Enquirer: 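Below is a structure I'd like to ask you about.
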Amino acid sequence: MEIKTDAIVLQSIDYKDNDKLLTLFSPTLGKITAGIRGVKKPKAKLAFSAQPFCFAEYILAEKMGRYTVTGAYLHESFFSLRYDIDRFYAACAATEVCFSILMENEEYEGLFIGLIECLKGLSLAGEDSAETLISFILIALHESGYPLDLGFLEEQDGDLGDKLWFDFSDGKFTTYDRCERGERASVCTYHTLRKCAGLDFDENAIAGGRKRALRLLKAFLSEKTEEKYANLSEFIRLYEE
């Protein structure tokens with residue numbers, strides 16, 4: 001059976017002498033593994049389709065639940081990301097998050113669009129890479145059933161006070177006396193997350209908040225998925241505010 005689907009390469013690993021195994025993110029099929037033959041040869045026509053971040057229409061042959069790539073039509077390679085180590089690791093972190101939360105035979109149209117927009121944003125020099133990644137992770141958490149609740153500012157009538165905590169059990173900001181299991185969180189972290197979520201925020205309160213917001217998101221993701229997120233850790237190390 002032949003299947004056509006748009007997809008993004010999340011992972012590409014060597015297999016045999018000239019083949020690769022791809023992990024593809026399809027908005028209609030979820031996360032799937034597909035073999036692709038001969039792409040390591042010097043003049044392989046489908047070599048582009050086995051590159052990280054490749055966004056293409058893939059033609060797949062399916063047999064007994066196994067997929068093989070037989071053709072591909074490129075939409076966008078996002079090749080420029082390979083020339084900036086900071087943005088490259090941000091893109092790797094985004095695909096890493098997808099790899100950890102996606103399942104087979106599930107539809108993820110919202111997350112798929114979010115990943116494309118994230119990769120586009122990271123390809124633009126004028127966009128802050130950390131804020132672009134934070135925005136995507138917030139979408140990923142929402143789509144995977146672990147949304148962050150950022151409504152604490154409205155609950156406090158705009159006064160956050162000086163005892164802000166993040167509750168890992170509920171994914172929300174609160175005060176110490178109402179926190180079941182969490183840690184102290186800075187005001188700059190909170191306002192950075194609100195900015196990246198498209199909510200009202202205090203511009204004067206986000207200085208230094210991007211790295212802290214990423215560290216909190218990584219901790220929350222690890223809590224919910226039991227994954228380590230090595231690429232996200234490396235991006236946080238490299239990023240300079």
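What you see is a predicted model, and the numbers here were worked out from it, not measured in a lab.
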Enquirer: Please walk me through it: do Leu74 and Ser49 pass side chain to side chain contact (heavy atoms under 4.5 Å, CB included)?
Expert: CA-CA 7 Å; Leu74 182 66; Ser49 67; over 6 Å; no

Enquirer: Going hydrophobic residue to hydrophobic residue with side-chain gaps under 4.5 angstrom, can you get from Phe25 over to Ile36?
Expert: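 No; tracing contacts between hydrophobic side chains, which count when under 4.5 Å, never links both residues.
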
Enquirer: Do Leu10 and Leu115 have side-chain heavy atoms sitting under 4.5 Å apart?
Expert: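 Yes, their side chains come closer than 4.5 Å.
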
Enquirer: Any chance you could measure Arg210, atom CZ, to Glu240, atom CD, to the nearest 0.5 Å?
Expert: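 Here the interatomic distance stands at 13.0 Å.
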
Enquirer: Okay, side chain of Thr132, backbone of Leu122: is any donor-acceptor separation there less than 3.5 Å?
Expert: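 No, Thr132 side chain to Leu122 backbone: no donor-acceptor pair under 3.5 Å.
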
Enquirer: Do Ile59 and Ile3 have side chains that get closer than 4.5 Å, going by heavy atoms?
Expert: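 No, too far: nothing below the 4.5 Å cut-off.
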
Enquirer: What is the distance from atom NZ of Lys120 to atom CZ of Phe78, rounded to the nearest 0.5 Å?
Expert: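 Taking NZ in Lys120 and CZ in Phe78, the distance rounds to 6.5 Å.
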
Enquirer: Calculate, to the nearest 0.5 Å, the distance between atoms NE2 and CD1 belonging to His191 and Ile206 respectively.
Expert: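 If we round to the nearest 0.5 Å, His191:NE2 and Ile206:CD1 are 9.5 Å apart.
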
Enquirer: Does a side-chain heavy-atom distance below 4.5 Å link Asn231 with Thr95?
Expert: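 Of all side-chain heavy-atom pairs linking Thr95 with Asn231, none is under 4.5 Å.
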
Enquirer: Check whether the ring centres of Phe166 and Phe220 lie less than 6.0 Å apart, and answer yes or no.
Expert: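 Yes, the ring centres sit under 6.0 Å apart.
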
Enquirer: Could you state whether Ile116 and Leu138 fall into the same hydrophobic cluster, counting links through intermediate Ile, Leu, Val, Met, Phe, Trp or Tyr residues with side-chain heavy atoms under 4.5 angstrom apart?
Expert: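 Same hydrophobic cluster.
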
Enquirer: So Glu227 and Leu221, side chain to side chain contact (heavy atoms under 4.5 Å, CB included) or not? Walk me through it.
Expert: CA-CA 8 Å; Glu227 299 290 342; Leu221 278 164; over 6 Å; no

Enquirer: May I ask whether Leu81 and Leu214 are part of the same hydrophobic cluster, defined by side-chain heavy atoms of I, L, V, M, F, W, Y residues being less than 4.5 angstrom apart, directly or through others?
Expert: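 In one cluster: yes.
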
Enquirer: Is it the case that the side chain of Arg212 and the backbone of Val187 share a donor-acceptor pair, with hydrogens and angles ignored and the cut-off at 3.5 Å?
Expert: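 Side chain of Arg212 to backbone of Val187, a donor-acceptor pair under 3.5 Å: no, none is there.
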
Enquirer: Could you tell me whether Glu2 atom CD has more than 12 heavy atoms of other residues or ligands within 6.0 Å of it?
Expert: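 Buried by this count: over 12 neighbours within 6.0 Å.
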
Enquirer: Hey, does Leu133 have a side-chain heavy atom less than 4.5 Å from the side chain of Cys196?
Expert: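 No, too far: nothing below the 4.5 Å cut-off.
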
Enquirer: Is there a path of hydrophobic side-chain contacts, each under 4.5 Å between heavy atoms of I, L, V, M, F, W or Y residues, that connects Leu193 with Val97?
Expert: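 They do share one cluster, since a chain of ILVMFWY contacts under 4.5 Å joins Leu193 to Val97.
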
Enquirer: Suppose we screen for ring pair (Phe, Tyr, Trp, His ring centres under 6.0 Å). Which residues come up paired with Phe53, at least two apart in sequence or across chains?
Expert: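 In terms of ring pair (Phe, Tyr, Trp, His ring centres under 6.0 Å), with neighbours along the sequence ignored, Phe53 is linked to Phe88.
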
Enquirer: Can Gln51 and Ser77 be said to form a side chain to side chain contact (heavy atoms under 4.5 Å, CB included), step by step?
Expert: CA-CA 8 Å; Gln51 297 300 311; Ser77 68; over 6 Å; no

Enquirer: Is there side-chain contact between Leu60 and Thr70, with heavy atoms separated by less than 4.5 Å?
Expert: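 No, side chains not in contact.
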
Enquirer: Find the distance between OG (Ser186) and CG (Leu216) and round it off to the nearest 0.5 Å.
Expert: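 It is 8.5 Å, given to the nearest 0.5 Å.
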
Enquirer: Indicate whether the side chain of Ser222 and that of Tyr229 have a donor and an acceptor atom separated by less than 3.5 Å.
Expert: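 Not at all, the side chains of Ser222 and Tyr229 share no donor-acceptor pair under 3.5 Å.
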
Enquirer: Please identify which of these residues, Asp14, Asp19, Asp17, meets the salt bridge (Lys or Arg N to Asp or Glu O under 4.0 Å) condition with Lys40.
Expert: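 Between Lys40 and the candidates, salt bridge (Lys or Arg N to Asp or Glu O under 4.0 Å) is satisfied uniquely by Asp14.
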
Enquirer: Of the non-hydrogen atoms in Leu46 and Val39, which two are nearest, and what is the gap between them?
Expert: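 The answer is O-CG1, 3.8 Å.
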
Enquirer: Take Thr174 and Asp167 through the test side-chain hydrogen bond (donor to acceptor under 3.5 Å, both in side chains) and record every step on the way to the result.
Expert: CA-CA 7 Å; Thr174 184; Asp167 191 330; over 6 Å; no

Enquirer: Hydrophobic clustering (ILVMFWY, side-chain heavy atoms < 4.5 Å, transitive) - are Ile8 and Met103 grouped together?
Expert: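 Shared cluster, yes.
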
Enquirer: Out of curiosity, Met1 CE to Lys63 NZ, how far, rounded to the nearest 0.5 Å?
Expert: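 It is 13.0 Å, given to the nearest 0.5 Å.
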
Enquirer: Give the minimum heavy-atom separation between Ala50 and Ser12, together with the two atoms involved.
Expert: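 Nearest heavy atoms, Ala50 then Ser12: O-OG, 2.9 Å.
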
Enquirer: Indicate yes or no: at least one non-hydrogen side-chain atom of Thr225 is less than 4.5 angstrom from one of Ile101.
Expert: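 Yes. Closest side-chain heavy atoms under 4.5 Å.
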
Enquirer: Against Phe173, only a single residue in Phe152, Tyr190, Trp165 fulfils ring-ring contact (aromatic ring centres under 6.0 Å, His included); can you say which?
Expert: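 It is Tyr190; the other options fail the test.
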
Enquirer: Of the non-hydrogen atoms in Pro147 and His142, which two are nearest, and what is the gap between them?
Expert: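 It is CB-CD2, 3.9 Å.
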
Enquirer: Any donor and acceptor pair, going by atom type alone, linking the side chain of Glu96 with main-chain N or O of Ala230 inside 3.5 Å?
Expert: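 Present.
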
Enquirer: Measure across Phe136 and Ala94 and return the closest heavy-atom pair with its distance rounded to 0.1 Å.
Expert: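 Smallest interatomic distance, heavy atoms only, reads CE2-O, 3.5 Å.
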
Enquirer: Are the side chain of Arg194 and the backbone of Asp202 linked by a donor-acceptor contact shorter than 3.5 Å?
Expert: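 No; zero donor-acceptor contacts below 3.5 Å.
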
Enquirer: Let me confirm one number: the CZ-CD distance from Arg181 to Glu183, rounded to the nearest 0.5 Å.
Expert: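 One gets 10.5 Å once the value is rounded to the nearest 0.5 Å.
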
Enquirer: Considering all heavy atoms of both residues, which atom of Ala125 and which atom of Arg87 are nearest to each other, and what is their separation?
Expert: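 Result for this residue pair: O-NH2, 3.3 Å.
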
Enquirer: I'd like to check Asp128 versus Tyr239 (side-chain heavy atoms, cut-off strictly below 4.5 Å). Are they in contact?
Expert: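 Counting from C-beta outward, Asp128 and Tyr239 do come under 4.5 Å.
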
Enquirer: Can you name the closest pair of heavy atoms from Ala7 and Leu24 and give their distance?
Expert: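 Residues Ala7 and Leu24, closest heavy atoms: CB-CB, 4.1 Å.
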
Enquirer: Looking at Ala47, is its backbone amide N or carbonyl O close enough to the side chain of Lys41 to form a donor-acceptor pair, meaning the two atoms are under 3.5 Å apart?
Expert: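 No: the side chain of Lys41 does not pair with the backbone of Ala47.
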
Enquirer: Measuring only between side-chain heavy atoms, which start at C-beta, is Leu111 closer than 4.5 Å to Leu102?
Expert: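 Side chain of Leu111 against side chain of Leu102, heavy atoms only: contact under 4.5 Å found.
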
Enquirer: Check the surroundings of atom CZ in Arg82: do more than 12 heavy atoms from other residues, nucleotides or ligands lie under 6.0 Å from it?
Expert: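 Count over threshold, so yes.
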
Enquirer: Could you check whether Phe112 and Tyr108 have their ring centres less than 6.0 Å apart?
Expert: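 No, they do not, as the ring centres are separated by 6.0 Å or more.
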
